[in-house]
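What you see is a predicted model; the values in this text were computed from it and never measured.
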There are 2 protein chains.
Amino acid sequence: MSKELVFGHQKPDTDTIAAAMAYSYYQNQLGYETEAVALGEPNDETTFALKAFDLAAPRVIKTAANEVDSVMLVDHNEPQQSVADIDQVAVSHVIDHHRINGFNTAAPLYMNVRPYGCVSTVLYEMFNEKHIAIPADLAGMMLSAIISDTLLLKSPTTTDHDKEAVEGLAKLAGVDYEEYGLQMLKAGTNLAAKSDNDIVDGDAKSFEMGDLTLRIGQVNTVDLADVFARQADLEKAMQALMDANGYDTFVLIVTNILNSDSDLLILGKDAAKVAQAFGKELAANNRINLPGVVSRKKQVVPPLTAAFA
Amino acid sequence: MSKELVFGHQKPDTDTIAAAMAYSYYQNQLGYETEAVALGEPNDETTFALKAFDLAAPRVIKTAANEVDSVMLVDHNEPQQSVADIDQVAVSHVIDHHRINGFNTAAPLYMNVRPYGCVSTVLYEMFNEKHIAIPADLAGMMLSAIISDTLLLKSPTTTDHDKEAVEGLAKLAGVDYEEYGLQMLKAGTNLAAKSDNDIVDGDAKSFEMGDLTLRIGQVNTVDLADVFARQADLEKAMQALMDANGYDTFVLIVTNILNSDSDLLILGKDAAKVAQAFGKELAANNRINLPGVVSRKKQVVPPLTAAFA
């Protein structure tokens, strides 16, 4: 068996980095030769978590086929969210918690998908099922991932599995997860240091809906006003990305992690239709307010998929 | 949680029936309300296995949406192999051992795919991981499925996981698997009692390759001559199915289960290209001989997928 690379999606977040590290460790324990890599540099939140548990960031790759024949995907399955040359390598394993979309293989593979709030929760259960011990530093990283994806277990994507995993991993890592979690989330919302492009596209993903390509970004903050003070510049950055990449519509979800509300900033030819998908009319400032909405996957993508089907 | 149906692919074989029964049992133990159903009547081999372990055949359904909102798929994921109205229901769970092709969901789900010889081997491991006991009769049915899919562990699709599962399930079921297995496989090759249509299409599946639809059937025998004595009638049945359903090419794999060789009978506009995919020239009798080939999934579909890509 030759070496394989393990990686998550483009624009890596804490879950995607933690999952690559955890799954590579898991597979190496089972006798595979794997290396966790990433499709980009860690963001501020992930950097905080890596530092907290004294772990190095995975090496960044641009392509995979120049190194390996076969790869393992974590935290994504859609080809357009993966490495640029994903069509040049075989996918041998997928561990994920997203919908399945456009993912096809020529041969059978290992695939473990569970509808949890975080893929690190899937991995936590896999470690337990195989009775593989999780080292304290890796447990801390996986804990950080679940806190990040579920906004400290407050997102509607949170399942009982995520809660159990947080309890178990916090014990293994030796941290108070509420105290640590709030510090970590705040570290990720240091927007003053971020460029307009980072804010609108740093966590963005593309979604094919009908004939359209929607770009959906999300940014967390402790104060919506901090973000919208820069609205004119953010809109310029969104428009430039749409022009350069052919996105039909760009949606930026601005989420207040303290009270779990979001404003959506919407540009593009179907902006009004996006607003309608949530039963709203688009305001003159291109925004709609969605109380209680914090999850792109569970609360934003499904209504849009239905509206654009 | 409302009731869900659990079923395998169209033209059910022993694995698909056994997997539906086993996974429904497993989910009911976990507190779900499920019913194992089938998309057709059991074949001779499956009937032999059901009788041997005193089990009733699952109820046959034509559509699912008239009964439930959500279904669990076993032993397949490709929509064209599933229930006719698969686009009208949500898929909540998939347990499979095939390639992923054309399977898309609107929401996250449970998906457990492992590249084993038989999906009952995946299920055997899942029962063990959750420490759920397998009743003797169900173990016998799962054992029958693995024997069927791996031709008594002789197919190249066979993995060490399948061998371990056969040992474990034979113990639970209280049978000598080699003696029982040969009886069961022979019961499935009673071709004299089968119509031409049953032979060519009874186990057939459709595959989209490039712009083409290939229909690939397989029939097991203990003597190739028994099958090819009827070649003219079998070709008529294949041609009629192509005309009626718009298949571009029809491949019938005729497998000798005693010596693990196959002849392919090939009709349709790309028949010569099919032969070339295996490095052969199509003989005037529309056949090619493939020594050591017994697996549609592992030895027939991949070269064709590559040739028609």
Side-chain angles (χ1 to χ4, degrees), chain A residues 70 73 75-79 87 90-119 121-122 125-131 149 156-157 159 161 207-209 295-309, chain B residues 70 73 75-79 87 90-119 121-122 125-131 149 156-157 159 161 207-209 295-309:
Chain A
S70 194
L73 306 185
D75 198 31
H76 74 296
N77 66 82
E78 305 194 25
D87 57 334
V91 177
S92 69
H93 294 68
V94 175
I95 312 295
D96 200 3
H97 68 132
H98 295 91
R99 66 171 187 171
I100 308 302
N101 194 41
F103 178 73
N104 297 308
T105 66
L109 77 165
Y110 280 93
M111 196 160 178
N112 198 340
V113 183
R114 300 181 187 178
Y116 300 165
C118 179
V119 77
T121 304
V122 182
E125 293 186 351
M126 291 172 66
F127 275 96
N128 289 345
E129 283 158 9
K130 284 269 193 216
H131 308 290
D149 266 24
T157 57
T159 66
H161 300 268
F207 296 85
E208 307 296 331
M209 296 185 184
S295 167
R296 170 169 50 194
K297 185 168 64 173
K298 202 123 178 174
Q299 297 173 296
V300 176
V301 171
L304 292 179
T305 303
F308 287 94
Chain B
S70 194
L73 306 185
D75 198 30
H76 74 297
N77 65 83
E78 305 194 27
D87 57 334
V91 177
S92 69
H93 293 68
V94 175
I95 312 296
D96 200 3
H97 67 132
H98 295 92
R99 66 170 186 170
I100 308 301
N101 194 41
F103 178 74
N104 298 306
T105 66
L109 77 165
Y110 279 94
M111 197 160 176
N112 198 340
V113 182
R114 301 181 187 179
Y116 300 166
C118 179
V119 77
T121 303
V122 182
E125 293 185 351
M126 291 173 67
F127 274 95
N128 289 345
E129 283 158 10
K130 283 268 192 218
H131 308 289
D149 266 24
T157 56
T159 66
H161 300 268
F207 296 85
E208 308 296 331
M209 296 184 185
S295 167
R296 171 169 50 194
K297 185 168 65 175
K298 202 124 178 173
Q299 297 172 297
V300 176
V301 170
L304 292 178
T305 303
F308 286 95

* Most contacts with chain A, counted as non-hydrogen pairs under 4.5 angstrom, among Ala309(B), Pro115(B), Ala306(B) ->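 Sorted descending by pairs with chain A, the first entry is Pro115(B).
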Next item on the list: For chain A, find which of Asn112(B), Thr305(B), Leu109(B) contributes the most heavy-atom pairs closer than 4.5 angstrom.
Entry: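 That would be Leu109(B).
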Is any side-chain heavy atom of Asn104(B) closer than 4.5 Å to one of Phe103(A)?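 Not touching, per the 4.5 Å side-chain cut-off.
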task: Could you please spell out the steps behind the side-chain hydrogen bond (donor to acceptor under 3.5 Å, both in side chains) verdict for Asn77(A) and His98(A)?
output: CA-CA 8 Å; Asn77(A) 66 82; His98(A) 295 91; 5.7 Å; no
Requested in this report: Give the ring-plane orientation class for Tyr116(B) versus His161(B), where under 30° counts as parallel, over 60° as perpendicular and anything between as tilted.
Outcome: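 Tyr116(B) and His161(B): parallel rings.
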* **Residues Arg114(B) and Glu129(B) bridged, charged N to O under 4.0 Å** =>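 So Arg114(B) pairs with Glu129(B) through a salt bridge.
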Given heavy-atom pairs under 4.5 angstrom as the criterion, report whether the side chain, backbone, both or neither of Lys130(A) touches chain B.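 Contact with chain B is absent: no heavy atom of Lys130(A) under 4.5 Å.
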